[in-house]
2 protein chains.
Amino acid sequence: MMRSTAILCFLTCGFCWTQAASDSQPASSNVMGAEYPRVYSDNRVTFQLRAPDAQKVQVQVTGAKYDMTKGENGIWSVTTPPLIPGFHYYSLVVDGIAVNDPGSHTFFGTGKDSSGIEVPESGVDYYSYKDVPHGDVRIRPYLSKTTGKWRRCFVYTPPDYDTNTGARYPVLYLQHGMGEDETGWIFQGRANLILDNLIAAKRSVPMIIVTDNGYASKPGAPAQQGSGVPGRGAGGGISAFEEVITRDLIPMIDSTFRTLADRDHRAMAGLSMGGNQTCQVTMRNLDKFSYIGAFSGTMNGLSTEPLDPATAFNGMFKDGAALSKRIKLFWIGMGTAEPNPFPGAIGAFRAMLDKAGVPYVYFESPGTAHEWLTWRRDLNDFAPRLFR
Amino acid sequence: MMRSTAILCFLTCGFCWTQAASDSQPASSNVMGAEYPRVYSDNRVTFQLRAPDAQKVQVQVTGAKYDMTKGENGIWSVTTPPLIPGFHYYSLVVDGIAVNDPGSHTFFGTGKDSSGIEVPESGVDYYSYKDVPHGDVRIRPYLSKTTGKWRRCFVYTPPDYDTNTGARYPVLYLQHGMGEDETGWIFQGRANLILDNLIAAKRSVPMIIVTDNGYASKPGAPAQQGSGVPGRGAGGGISAFEEVITRDLIPMIDSTFRTLADRDHRAMAGLSMGGNQTCQVTMRNLDKFSYIGAFSGTMNGLSTEPLDPATAFNGMFKDGAALSKRIKLFWIGMGTAEPNPFPGAIGAFRAMLDKAGVPYVYFESPGTAHEWLTWRRDLNDFAPRLFR
């Protein structure tokens, strides 16, 4: 976009950021040219906003609110204490209204396109761009018979997909959390980079990853319906998601890509709400899936009530011996800093599996909360265990 | 993301929008579940924002500002007169600060991730999702030797690319405007849908489209440098773009995809700043390109000064007869409602081509300004003329 008025504004305002300190650099999640937010080497972060007429400006990040101070030219600023590494959604709160930071790119989460900041993790590069072969992330629309609407999924094809044209690949279906969508695992989670790096290190077999929108309702369902544009306004409900993935998505993927189209070569994992959906979908469709990943979310959702395997979920888990023959991997992960009710809910689910004798892998991410760094670590541990 | 506090907020606020009028529907550019903005059948639009503590709220769209009125529960609202069809960036202005609308998805433009609204165009479906074969849009990272950084391009592969594995394809390099990036032609411009529909109607030959980030600076160049994340903070300058496209991007595309890698099968087009870049890059590299598209932007940029072909641009255009043998198509387009300086600048460039005897196609988009509907129409006219 370039209007004559916009040009002037853009040239005079857009690229003229205040001179910044040298022990810091613009966050990698910033838009081009934006000097703020800036991250210091000790992970303190300086946020800025030009808001000459505002009475009060705060930044809300990692569960805390920091008051910003008004300086020259109406620029508000604050430097936070060191932030936990990883990706955090954040807002600027201007006179009580949470708004996006124009310096930050947006990431779909908390039900909107939200500002987000990447705080570097020292010495860690498994989710970084490295000079290894890269797969493509393909944006793919499909018409869902279940919802009657166009939907959109993202499909990661591994680096050799286009050259090794005789090969067929196993598939991991990987789901986002509440208020997120099919973009989350790529832009926040960096699933493609994690797999590029794992495959280059020969720690994972090459696989296709499909990220779909976990929200799906049938026509006329009570949840508010949005538009017919894929991934945009797909509706607030999740009642039709199981039908979408089993009847629409999997057949479309298997007919469009060179997949190994059987349960031995099909995995599903998800985070939070997506972990709950993963348990529901896989356990009801064990003819289709043999690998299950529950990242910070299990079949009991947010309930911390004890579960009796004989009766919970219609006794689906009661025969541990039989399940252990059908499920090649049941993997559960959680961050050690996750707030209630997650430790309790996940703990109750694990206790039920223990009682029933269903084997599973349990992984803890040290020091991380209900956030994307937990789930990047989850994927980095989970993916190497698949399709062996 | 799902924190315990966020869950409650999301469930209680996120999906509870005020009951809306029946002659209207949520804009297709809204986030899931968002009932506002709503578009009426006559293209009036109602915008809403909950801002109990704000003193004044306006919406800024299509060059005008509309005052919003405070109603119950601190919800501000306004219904605009009918808006011009197509895609418009917009802002809500809260107590003087331009912010995003949480009900809208964001689109990278005007130097930030901005709210945008799609106003339907009655009876027009060339950029809609239709039940035709769809190509993929691939998000592809590459390491630029020129800038020393990772960059990101989007690559549209036509519907038969994966099945017609012996085929090679011509390539259109398609550039965005000022303050936009490689995402613009897909999410705002819908280039993939336009080509899907043109190819299905056999009006265009199947082709690959590459959209890159037009901003590129060499290490140490004076423009502010952003991050090393592709497409994110690639730097505010454009001085190295020609080197990036000719030395980094084209070789990467030709070695990664099944292209027809010669000038007869390579086109470049761009809008506004991208049209200027297209003229510069193609005219200096006629060994690499034979099709040129200048959408609302020409080689003289924003200057309306008359141009003498004998001297302008080092006399590059003076020999019309020779150029007409090398250039298979020089295509220029503009909207009839574009503001100054575009009509004057594009007019001056056309007058120079006329004087020099350089043949070109001139296309006018009726009633549209310096906005994306002009450029969708441009692509819909331009693409069928390529590679014939």
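Quick caveat: nothing in here was measured; it's all calculated off a predicted structure. Throughout, a chain's letter reflects where its sequence line sits, starting with A, and its residues are numbered from 1. Computed over heavy atoms, backbone and side chain alike; hydrogens, waters and symmetry mates excluded.
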Can you list the residues that meet the salt bridge (charged side-chain N to carboxylate O under 4.0 Å, His left out) rule with B/Asp136, with sequence neighbours excluded?
A/Arg138, A/Arg140

Would a 4.5 Å heavy-atom cut-off, applied to side chains only, mark A/Ile139 and B/Phe154 as touching?
yes

With only heavy atoms counted, which part of B/Ser104 is less than 4.5 Å from chain A, the side chain, the backbone, both or neither?
backbone

CZ of B/Arg258: more than 12 outside heavy atoms within 6.0 angstrom?
yes

Does A/Thr106 offer a backbone N or O that forms a donor-acceptor pair with the side chain of B/Asp113 under 3.5 Å?
yes

How far apart are the closest heavy atoms of A/Asp53 and B/Gly96, and which atoms are they?
OD2-CA, 4.3 Å

Restricting to non-hydrogen atoms, name the atom on A/Pro141 and the atom on B/Gly135 that form the minimum distance, rounded to 0.1 Å.
CD-O, 4.3 Å

At their closest point, which heavy atom of B/Ala51 faces which heavy atom of A/Ile97, and how far apart are they?
CB-CD1, 3.4 Å

Does any heavy atom of chain A fall under 4.5 Å from the side chain of B/Lys130, the backbone, both, or neither of them?
backbone

Applying side chain to side chain contact (heavy atoms under 4.5 Å, CB included), can you list everything that pairs with B/Ser114, at least two apart in sequence or on another chain?
B/Tyr89, B/Thr110, B/Lys112

In terms of heavy-atom proximity below 4.5 Å to chain A, should B/Asn100 be classed as side chain, backbone, both, or neither?
side chain

In terms of the angle between their ring planes, are A/Trp150 and B/His134 parallel, tilted or perpendicular, with boundaries placed at 30° and 60°?
perpendicular

Do B/Phe108 and A/Met32 touch side chain to side chain, with heavy atoms closer than 4.5 Å?
yes

Atom group of B/Asp131 that falls short of 4.5 Å from chain A, counting heavy atoms:
both

Against chain A, work out which of B/Asn192, B/Leu143, B/Asp162 has the most heavy-atom pairs shorter than 4.5 Å and name it.
B/Asp162

Quick one: of A/Thr157, A/Val137, A/Asp196, who has the most non-hydrogen atom pairs under 4.5 Å with chain B?
A/Val137

